[in-house]
Asker: 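My questions all concern the structure below.
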There are 2 protein chains.
Amino acid sequence: MLSERQRMILNAIVDDYIRSAEPVGSRSISKRADVAFSPATIRNEMADLEELGLLEQPHTSAGRVPSIKGYRYYVDHLIKVEGLGERDMLKIRSFFAEKMILWEEVIGHAATILSQLTNYTSIVLGPETFQATLKHFQLVPINDTSAVAIIVTSTGHVEHRIVSIPEGIGMDDIQKIVNLLNDKLSGIPFIKVKSVLHSEIGKELSRIVESCEQIVNVLEKTLADNAEPKVYTSGATNILTQPEFKDIGKVKSILDMLDETPMLLRLFQSVPNGIQVRIGTENALEAINQCSLITATFSFEGQSLGSIGILGPTRMDYVKVLSLLDFLSKDMALWYAKQHK
Amino acid sequence: MLSERQRMILNAIVDDYIRSAEPVGSRSISKRADVAFSPATIRNEMADLEELGLLEQPHTSAGRVPSIKGYRYYVDHLIKVEGLGERDMLKIRSFFAEKMILWEEVIGHAATILSQLTNYTSIVLGPETFQATLKHFQLVPINDTSAVAIIVTSTGHVEHRIVSIPEGIGMDDIQKIVNLLNDKLSGIPFIKVKSVLHSEIGKELSRIVESCEQIVNVLEKTLADNAEPKVYTSGATNILTQPEFKDIGKVKSILDMLDETPMLLRLFQSVPNGIQVRIGTENALEAINQCSLITATFSFEGQSLGSIGILGPTRMDYVKVLSLLDFLSKDMALWYAKQHK
DNA sequence: CGTTAGCACTCAATCTTGTCGAGTGCTAAT
DNA sequence: ATTAGCACTCGACAAGATTGAGTGCTAACG
């Protein structure tokens, strides 16, 4: 569709604009080592590219700026993802060299690493646990009236809650309850736990002890909480360093969005496996219409392990971010596989 | 020291400036209902107040702005803390009506409430646990190689960690270890736990099992982590709505500071019991030289329960924030007392 | 003697105008 | 097909000009 020369020019413009954040003129393009045409020729091509909707002019007599469609073409056809820089590689290596036991630790640290290496904002999601199963349930009394409930999932997530224990329940009752729940619920997917809890176990449970609703409630509530993946963000203030966000209003709406987990979940919902790039208005969320979101989602044996993502200006360094996400997501999947060999 | 009229004028200026964020002129003051002097008279008084260092002029022929000293005088001598508004009161009531078990829940929610009610940024600190003691320690095995360690403190804080269990340690060994640690460590203040762990228990422990360093390590590390109070912030982006922070650079340094727990701890260190106001440069932390920090620290039976604080522009609504912090801190202390009656 | 009207003065903010230069589109020459 | 040349556009920037809020001072007033 595009001629070789047009592709080259578009590539040069996007490249330059990503670096400079200023509209790119024909002259500066023609001065590049890899382009051997006069400004006039470039101008003609640029006019054509604009007609095709790949470039935009902030105003007559300004240089050209890539449009969303232009970025899209750039990402889809012009980029060649290169290997990661030495420095980034080292940083990631030393990241995995750290001793981590929980998948959640990996997920959480990944957010930090990503924002440090890119100077953009990172958003990282833990696995969607609705397909996970309950692995272990335990109640540990801490005094006469309360206990710690511990819930371990098949994805390696551990959580605790405080439960107050109704009067008149002894240690042996508790042990019975715990045993029963473990027996019946181990291996049951979270989404089904609730119904199983009511249908099968309710009767047996009330046989042991009358008033154990609270314990069951906590279990239910915790499972419900975990049906949604955990979200971590890092480097949120990095957007403040981008010249296109000198407008406080815009920045605030972005930062506010980053503080709202449900928003972020909506943002990530329906991202397919593998790497995806969403540019500007492709995001559908008003607040980040001037941002691009690149996500990498990965899984192990059919179960989604989570997503890592970078939020930056549409004018972000796609090459670097894409290679970084690709590299890191693969390493993370590897780590998980090793733990669950 | 100041005449009644001077006090009245200073009060009017600070009041107006807090509302408008614009330098206050003599004319607008003289138009206020509670001031019955001509602009000329007011000007004379303003000149005197400036000479005393209570007011400042951004430039000749601009109105006056309170200096830090001016705010200080205002806070110390002119404010009368009034009762809380109906709406705020209701919100707080419904906050405490929620069912909360842990002190930490109260602390965490308090941050949210505060930022919502004030539209400023709230910073809330949990109790300093270095004076707290270990109440309960438990190890719950979750599979062959790892266990969940649960630590309960006298301040009601519960925490869990994953520990990997060295090979060759059986269930009964673990039980022995747990019993031993509980025996020896219960009631010991955190700061002393480490030394006790090494001096008294080391020998006995190694008698039971050789390689239990990891478990001991986790205990140590967790305790160390908890020696510092937990910090919660909320509404950080609210500073973006203040007209004086339209400079992105300043905002970023403040937001970055809010993300760094150690910074916040430094900020709160040495705040005395009760309510304290730190205005502008009184804060000593460069990033918030243009902010005021109001804190309320409260305790129960001599043990500090934590601090709640509001960070806003020096031009903040001191009356409202002071009444709010006073009210909320008292209610929180009450809640704690009720739980630990 | 404290208070106030009057007035000249100051200075940031805002608007006006002019200049500059980067960049374009078109046309004609190569 | 490419490019040199040229007229044109328009934002950015700088240099006045204008405005108006606010001051400080002085002299008059009750």
Side-chain angles (χ1 to χ4, degrees), chain A residues 2-10 12-17 19-67 70 243-244 246-247, chain B residues 2-10 12-67 70 243-244 246-247 315:
Chain A
L2 291 192
S3 73
E4 194 50 43
R5 196 168 69 188
Q6 284 176 318
R7 293 158 55 94
M8 161 174 268
I9 289 173
L10 177 58
I13 290 175
V14 177
D15 245 37
D16 266 25
Y17 186 64
R19 255 191 284 283
S20 69
E22 307 260 292
V24 183
S26 55
R27 223 176 104 75
S28 62
I29 292 294
S30 93
K31 271 193 284 196
R32 283 171 61 116
D34 54 341
V35 181
F37 300 96
S38 79
T41 311
I42 310 235
R43 277 205 291 281
N44 288 328
E45 296 286 26
M46 277 160 98
D48 291 351
L49 287 171
E50 184 169 0
E51 207 157 317
L52 289 170
L54 296 170
L55 294 180
E56 281 170 354
Q57 251 182 323
H59 56 88
T60 346
S61 98
R64 299 303 207 292
V65 163
S67 70
E244 48 262 76
K246 50 183 192 294
D247 173 14
Chain B
L2 291 193
S3 73
E4 193 51 43
R5 196 166 71 187
Q6 284 176 317
R7 293 158 57 94
M8 161 175 269
I9 289 173
L10 177 58
I13 291 174
V14 177
D15 245 38
D16 265 26
Y17 186 64
I18 284 177
R19 257 191 283 284
S20 69
E22 307 259 293
V24 183
S26 54
R27 225 176 102 78
S28 62
I29 292 295
S30 92
K31 269 193 285 197
R32 284 173 61 119
D34 54 339
V35 181
F37 300 96
S38 78
T41 311
I42 309 236
R43 278 204 290 281
N44 288 330
E45 295 288 25
M46 277 159 97
D48 290 351
L49 287 170
E50 185 169 0
E51 207 157 318
L52 289 170
L54 297 170
L55 295 180
E56 280 170 358
Q57 251 181 324
H59 55 88
T60 346
S61 97
R64 298 305 206 292
V65 162
S67 68
E244 48 262 75
K246 52 183 193 294
D247 173 13
R315 184 190 61 77

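Just so we're clear, the structure is a prediction, and the values are computed from it rather than from any experiment. Throughout, protein chains are lettered first and strands after them, A, B, ... in sequence-line order, and every chain is numbered starting at 1. Excluded from the calculations below are hydrogen atoms, water molecules and symmetry mates; all remaining heavy atoms, backbone and side chain alike, are included.
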Asker: Give, ordered by number, those residues of residues 34-51 of chain A having at least one heavy-atom distance below 4.0 Å to an atom of DNA chain D; if nothing qualifies, reply none.
Answerer: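 Those residues are F37(A), S38(A), A40(A), T41(A), R43(A), N44(A).
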
Asker: So, does Q57(B) use its side chain to make a donor-acceptor pair with the main chain of A62(B) at under 3.5 Å?
Answerer: yes

Asker: I need the CZ-P distance between R5(A) and dA1(D), as an integer number of Å.
Answerer: 10 Å

Asker: If only side-chain N and O atoms of T60(A) are considered, is one of them under 4.0 Å from the OP1 or OP2 phosphate oxygen of dC10(D)?
Answerer: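 It does, given that an N or O in the side chain of T60(A) lies less than 4.0 Å from OP1 or OP2 of dC10(D).
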
Asker: Taking the side chain of Q57(B) as heavy atoms from C-beta outward, which of dT23(D), dT3(C), dG25(C) is closest to it?
Answerer: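 It is dT23(D).
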
Asker: Yes or no on side chain to side chain contact (heavy atoms under 4.5 Å, CB included) for T41(B) and S38(B), after CA distance, side-chain angles and deciding distance?
Answerer: CA-CA 5 Å; T41(B) 311; S38(B) 78; 3.3 Å; yes

Asker: Taking the side chain as every heavy atom from C-beta outward, state whether R315(B) and P243(B) have any atom pair closer than 4.5 Å.
Answerer: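 In short, these two side chains touch, coming nearer than 4.5 Å.
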
Asker: Evaluate side chain to side chain contact (heavy atoms under 4.5 Å, CB included) for R32(B) paired with D16(B), printing each intermediate quantity in order.
Answerer: CA-CA 10 Å; R32(B) 284 173 61 119; D16(B) 265 26; 2.6 Å; yes

Asker: So N44(B) and D48(B), do their side chains get closer than 4.5 Å, heavy atoms only?
Answerer: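 D48(B) does not reach N44(B) side chain to side chain.
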
Asker: dT3(C) P sits how many Å from I29(B) CD1, rounded?
Answerer: 17 Å

Asker: Scan nucleotides 14-20 of chain D against the protein and return all N/O pairs shorter than 3.5 Å with their distances rounded to 0.1 Å.
Answerer:
none

Asker: Run the salt bridge (charged side-chain N to carboxylate O under 4.0 Å, His left out) test against E4(A) and tell me which residues pass, sequence neighbours left out.
Answerer: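 Applying salt bridge (charged side-chain N to carboxylate O under 4.0 Å, His left out) to E4(A) gives R7(A).
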
Asker: Can you check whether D15(A) reaches V24(A) side chain to side chain, under 4.5 Å on heavy atoms?
Answerer: no

Asker: Evaluate the criterion side chain to side chain contact (heavy atoms under 4.5 Å, CB included) for residue pair L54(B) and I13(B); output intermediate values, then yes/no.
Answerer: CA-CA 11 Å; L54(B) 297 170; I13(B) 291 174; over 6 Å; no

Asker: Taking atom CZ as the centre, does R5(A) end up with more than 12 heavy-atom neighbours from other residues, nucleotides or ligands that are less than 6.0 angstrom away?
Answerer: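 More than 12 heavy atoms, drawn from other residues, nucleotides or ligands, come within 6.0 Å of this atom.
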
Asker: Look at R64(B) and dA21(D) and indicate whether a side-chain polar atom (N or O) is within less than 4.0 Å of OP1 or OP2.
Answerer: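 No, outside the criterion.
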
Asker: Please name the pair of heavy atoms, one in M46(B) and one in G25(B), separated by the smallest distance, quoted to 0.1 Å.
Answerer: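 Heavy atoms of M46(B) and G25(B) come nearest at CE-C, 4.2 Å.
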
Asker: Can you tell me how far apart CZ (R64(A)) and CZ (R43(A)) are? Round to the nearest 0.5 Å.
Answerer: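 Reported value, rounded in 0.5 Å steps: 9.5 Å.
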
Asker: For E22(B), what residues pass the salt bridge (charged side-chain N to carboxylate O under 4.0 Å, His left out) criterion, not counting sequence neighbours?
Answerer: none

Asker: The helix from dC1(C)-dG30(D) to dT30(C)-dA1(D): angle between its terminal axes, five pairs each, to 10°?
Answerer: 20°

Asker: Take atom CG of L55(B) and atom P of dG22(D), then tell me their distance rounded to the nearest Å.
Answerer: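 Going from L55(B) (CG) to dG22(D) (P), I get 14 Å.
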
Asker: Any protein N or O atoms within reach of nucleotides 28-30 of chain D? Criterion: under 3.5 Å, listing atom names and distances.
Answerer:
none

Asker: In this structure, how many angstroms lie between the P atom of dT24(C) and the CD atom of E56(A), rounded?
Answerer: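 So the two atoms are 15 Å apart, to the nearest Å.
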
Asker: Rounded to the nearest 0.5 Å, what separates atom CD in Q6(A) from atom CG in L49(A)?
Answerer: 5.0 Å

Asker: At 4.0 Å (heavy atoms only), tell me whether R27(B) reaches a base, stays on the sugar-phosphate, or touches nothing.
Answerer: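 Nothing, no heavy atom under 4.0 Å.
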
